[in-house]
Amino acid sequence: MRQIVLVISLLLSMSMAAQVEFAQANALYNEGKYGEAANQYEQLINDAKAELGLTEEYADVYYNLGNAYYKQGELAQAILAYERALRLKPRMKDAKENLRFVESKITDRIEDTHSFFLQDWLIGFRNLFKEQTWMWWSIVLFSLMLVGVLLFLLGRESVVRKIAFHCAWISLLLCLYTGINAITLHQRDLNRSEAVITQGVVNAKSSPDRSGTDIFQLHEGTKVRITDQLGNWYLVRVAQYEGWVENILLERI
Amino acid sequence: MRKRVAIILLLLATTWSLGAVDFRAVGPSQVPVNQSFQIQYIVDEKCDNIQPPSMAGFELLAGPYTSTASSFSFVNGKRTSTYQKTFTYTYMATKEGTYTIGAATIEIKGHKYRSNGLKISVIREQEQAPQMSTQRQSDERSERQGRQERAESRQRQQSPSIFMRTEVSKTHAHEQEPITLKYKLYFVGVNDVQLAGVTKMPDFDGFLKQESDLEQLESRVETYNGRQYNVATVYKNQLYPQHSGDITITPAHFEVVYTSPGSERDPFGQMFGYQEHKTLKAPAVTIHVDALPQENKPKTFSGGVGHYTMTPSISATEVNANEPITLKLDISGSGNMKLIKTPEVKWPEGFEAYDPKVSNSYQTTDSGMAGTKSIEYMAIPREPGDYTLPPVSMTYYDSESGSYKTLTTPSYSLHINRGQQRKDTEVSDYSQEEIKQLATDVRYIHTNDLSALEPGSATPAAIQVGTFGWWLCYIIPLLIAVIVLIAMRQYIQANSDINQVRYRKANKVAQKRLRNAKKLLDENQTNAFYEEVERAAMSYLSDRLTIPTADLNKETITQLLEQKNVPATLIEETKEVLSTAEFARYAPSTNQDMNALYSKTVELINQLEEQKL
């Protein structure tokens with residue numbers, strides 16, 4: 001009993017410290033000391049990572065961090081922070097808005113001519129919810145499908161059986177869709193396959209080697225997808241282009 | 001009146017005669033032995049009787065020749081006149097040494113005037129200026145031989161000659177190696193030579209031509225084929241061969257005007273001379289041009305031939321973004337400077353490079369152009385970061401060593417800092433107008449409490465995709481469903497088995513009971529008969545309609561029959577049979593009634609069988 005009280009009080013004091021730090025960082029931001037504010041926010045996030053892991057509420061910290069970086073002109077870091085905020089809280093409106101705004105300031109304008117509008121829409125819809133949400137939906141729909149199957153198999157009345165049959169296959173499709181979304185998001189977060197270019201100008205090479213031929217050029221803030229890794233080199237994909245980039249030139253979201 | 005004028009004139013005359021007579025001697029201060037030179041006495045009054053000084057050590061070759069020049073001019077109605085009379089003596093020194101020549105005297109209107117004296121140093125022939133002939137070395141010859149030769153030379157010099165020569169600095173050159181070409185006019189024994197024009201100039205095909213400024217057209221003395229000539233260079237340029245092979249420069253034609261002294265037989269000609277026009281041809285010349293060696297020819301070859309050095313300098317290696325960096329290359333040396341291609345500078349990506357600025361400061365010399373070519377490359381870095389400016393190379397053909405040489409700058413590492421972020425503009429406007437967007441900015445930070453930052457209130461989810469818990473979430477409902485399905489199936493199976501048997505055996509059972517009833521009817525056991533008939537009908541319906549015995553009554557039967565769309569007459573009949581059998585048990589009845597019920601029941605069952613309930 002005594003131990004529990006001790007642990008609780010410890011946790012509370014830590015949270016209090018985090019609160020105070022957050023308020024301090026916000027104050028620094030207001031004073032225009034964006035560099036110091038950014039450091040403070042980073043500190044807060046690192047502490048959380050070390051102790052309890054990041055909860056949804058840290059989306060706000062990331063969001064503020066993004067603002068502080070933007071104010072210093074660090075567009076790539078700002079984009080990274082907003083992306084991370086959105087990972088924690090996918091429907092955070094302000095973060096989305098600021099991300100869109102900062103992305104409009106970077107040099108590269110990625111227009112994937114190969115992607116179909118439906119695909120964009122599906123990806124957009126997938127990103128509206130977190131992995132957890134999709135997962136629970138998938139589980140619920142799976143159960144609903146099972147009920148449908150049971151009713152269809154055991155039902156006496158033909159009407160009931162008909163309804164059950166349609167319910168079952170629709171549920172199955174939705175279960176698969178939500179499940180795939182959940183797995184995709186899980187894979188993305190697990191592999192951290194998305195990254196942002198942090199160096200001013202980066203030349204993607206044809207081989208994982210500094211002497212490789214320059215295939216295309218990327219600028220600070222551009223989001224890329226990592227498809228392979230070899231030593232210190234990542235094979236990145238942007239629109240229809242694919243090339244090797246050294247790991248120090250980009251940062252995973 | 002006339003007397004007065006006469007007096008004035010007299011006065012004027014006396015004043016002139018008194019002070020203004022200018023009488024001077026002009027001559028060289030230094031002459032070589034055995035060379036003719038002239039001494040002139042110039043006087044600005046009319047006179048004849050000049051007495052030259054004694055010229056010991058000099059030999060009078062000719063003279064005195066006299067010439068006069070006078071001019072009159074009216075300025076603002078005032079008449080002025082000048083008059084000059086020149087006595088020219090031509091001498092030749094015979095011995096080295098320094099001589100003082102005394103004054104000459106002249107008598108004008110009874111007055112005697114004296115000229116200034118002259119000091120002439122006679123030097124040896126070898127010491128004279130290089131353009132002069134060095135052929136004759138009279139020291140070794142006897143005085144007499146010398147005299148004889150001098151006489152010949154005088155005679156030869158007197159026979160007029162004028163022609164053009166083409167002179168090139170080399171007839172064998174490499175591509176791009178500078179060659180100096182001169183057209184020279186040689187003349188002797190003619191006077192007042194003037195270049196009237198160029199009739200035809202070669203087009204110098206195969207060469208790149210750089211014309212040189214020609215120094216003042218002055219003649220120098222040169223020896224050609226053992227004879228001394230006055231030589232004037234009338235045209236000079238620098239040629240850079242553009243291809244290999246034998247390239248011929250076609251002849252040039254010049255037009256000259258000169259005065260020839262005329263023939264000796266003609267006394268007038270001797271006196272006045274003839275003015276002559278003549279077109280002179282400078283001969284063609286062929287230059288043999290060697291190609292630059294193709295083997296080992298570097299890719300960076302700039303086209304330069306000669307000898308060069310390169311000095312690079314960079315303005316800064318660490319600047320803020322958007323601040324310019326200048327790389328300057330000073331290429332100095334001599335050769336075909338003008339034709340050196342500007343070396344290419346590969347600025348790193350993200351640099352905005354500008355066209356290089358080239359400034360030349362070189363002079364044309366006989367070995368080509370010598371001086372410095374400065375090339376300034378400017379670029380503006382747009383993005384911060386660390387970059388490397390690769391080395392810049394310039395390769396030229398060293399005509400001295402006959403090989404290609406490459407000049408290279410070091411590679412510079414550049415550090416570009418992030419520049420100052422521009423401040424957000426603040427604009428205030430008081431006049432009423434539509435809202436307009438002034439600028440776009442990020443939305444403001446979130447300053448909420450972060451109450452949920454408190455630990456425990458939102459722990460990370462325990463169940464995640466890929467974990468065991470996640471699989472359980474699917475497996476458990478599936479298992480439940482399978483269990484439910486199996487249980488239900490068994491129950492239904494069990495149920496359906498009994499009913500099925502009963503259904504299948506319904507007719508058989510009914511027929512059996514009816515046969516039994518027939519026996520009872522024959523035995524006239526009334527009560528038992530009715531009971532048997534009722535049971536036959538009831539059990540048949542119960543089996544066929546799968547009605548549990550507990551629910552077996554007329555209402556249920558009627559309801560089910562209606563549900564199965566059995567015709568109403570048949571339902572009525574069923575009801576009648578059932579009620580008849582029920583009631584007849586308790587009331588006395590005849591054999592006839594019993595027979596009727598029996599056949600009715602048989603009929604009913606047959607009909608129901610046809611309905612395939």
Side-chain angles (χ1 to χ4, degrees), chain A residues 8 11-12 14-15 18-19 22-23 26 29-30 48 51-58 60-61 63-64 66-68 70-74 78 94 97-98 101-102 104 107 131-132 134-136 138-139 142-143 146-147 149-150 153-154 182-183 185-187 190 199-201 203 214 217 219-220, chain B residues 321 348-351 381-387 416 418-424 440-467 469-485 487-489 491-492:
Chain A
I8 287 173
L11 290 174
L12 273 174
M14 263 159 36
S15 86
Q19 287 285 6
F22 186 61
N26 289 348
Y29 181 94
N30 274 343
E51 283 157 23
L52 294 154
L54 292 174
T55 54
E56 196 173 294
E57 282 61 39
Y58 275 90
D60 285 328
V61 184
Y63 169 78
N64 290 4
N67 274 16
Y70 168 72
K71 289 287 183 181
Q72 295 175 80
E74 304 257 6
D94 286 349
E97 187 55 40
N98 284 0
F101 175 74
V102 176
S104 73
T107 316
E131 172 202 332
Q132 287 283 308
W134 286 118
M135 185 191 77
W136 285 119
S138 165
I139 291 167
F142 182 73
S143 309
L146 289 176
V147 171
V149 169
L150 282 181
L153 290 177
L154 305 174
I183 290 164
L185 290 181
H186 181 75
Q187 289 295 324
L190 193 73
Q199 181 86 353
V201 184
N203 286 328
D214 295 345
Q217 199 177 78
H219 293 88
E220 185 183 350
Chain B
E349 301 294 347
F351 278 60
R382 293 297 184 203
E383 305 284 351
D386 286 310
Y387 302 92
I416 311 302
R418 190 177 293 280
Q420 284 292 306
Q421 180 83 353
R422 50 182 157 40
K423 299 266 177 198
D424 294 336
T440 49
D441 197 4
V442 285
R443 291 190 185 184
Y444 190 63
I445 52 167
H446 288 184
T447 53
N448 48 334
D449 241 10
L450 290 197
S451 54
L453 275 182
E454 280 179 37
S457 61
T459 46
I463 296 168
Q464 281 187 329
V465 174
T467 59
W470 176 69
W471 286 112
L472 280 186
C473 286
Y474 291 94
I475 292 166
I476 291 170
L478 187 68
L479 282 177
I480 292 169
V482 169
I483 289 163
V484 167
L485 186 67
M488 287 298 279
R489 266 281 161 86
Y491 174 73
I492 291 165

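Letters A, B, ... are given to chains in the order of the sequence lines, protein chains preceding strands, and every chain is numbered from 1. Values in this document were obtained by computation on a predicted structure and should not be read as measured data. All values below were derived from every heavy atom in this structure, side-chain atoms included, with hydrogens, water molecules and symmetry-related copies excluded.
Distance CG/Leu154(A) to CZ/Arg489(B): 6.5 Å, rounded to 0.5 Å. The structure places CH2 of Trp470(B) at 8.5 Å from NE2 of His186(A), a figure rounded to the nearest 0.5 Å. One finds the CD1 atom of Ile445(B) at 10.0 Å from the NZ atom of Lys71(A) (value rounded to the nearest 0.5 Å). Note that the NE2 atom of His219(A) and the CZ atom of Arg382(B) stand 12.0 Å from one another [nearest 0.5 Å]. Atom CZ of Arg443(B) sits about 7.0 Å away from atom CG of Asn98(A), to the nearest 0.5 Å. Atom CD1 of residue Ile476(B) and atom CG of residue Leu146(A) lie 12.5 Å apart, to the nearest 0.5 angstrom.
Of the two parts of Glu220(A), only the side chain, counted from C-beta on, holds a non-hydrogen atom closer than 4.5 Å to a non-hydrogen atom of chain B. Contacts of Ser138(A) with chain B are made by both backbone and side-chain atoms, with heavy-atom separations under 4.5 Å. Using a 4.5 Å cut-off between heavy atoms, Asp214(A) does not touch chain B at all. No part of Ile480(B) comes within reach of chain A, as not one of its non-hydrogen atoms sits under 4.5 angstrom from that chain. Within the 4.5 angstrom heavy-atom criterion, only side-chain atoms of Ile492(B), from C-beta onward, approach chain A. Using a 4.5 Å cut-off between heavy atoms, Val102(A) touches chain B through its side chain atoms alone.
Arg418(B) has its side chain within reach of Glu74(A): a pair of non-hydrogen atoms, C-beta onward, lies under 4.5 Å apart. A 4.5 Å side-chain heavy-atom check between Trp136(A) and Cys473(B) finds at least one atom pair inside the cut-off.
When all heavy atoms are compared, the tightest approach of Asn67(A) to Tyr444(B) is ND2-C, 3.5 Å. The minimum heavy-atom distance linking His446(B) with Asn26(A) is given by the pair O-ND2, 3.6 Å.
Ranked by heavy-atom pairs under 4.5 Å with chain B, the list Leu185(A), Leu150(A), Asn203(A), Ile183(A) is led by Leu150(A). Per-residue heavy-atom pair counts under 4.5 Å with chain A were compared for Val482(B), Leu478(B), Val484(B), and the maximum is reached by Leu478(B).
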Audit row: Tyr387(B), Val201(A), side-chain contact (heavy atoms from CB on, under 4.5 Å) steps and yes/no: CA-CA 10 Å; Tyr387(B) 302 92; Val201(A) 184; 4.3 Å; yes
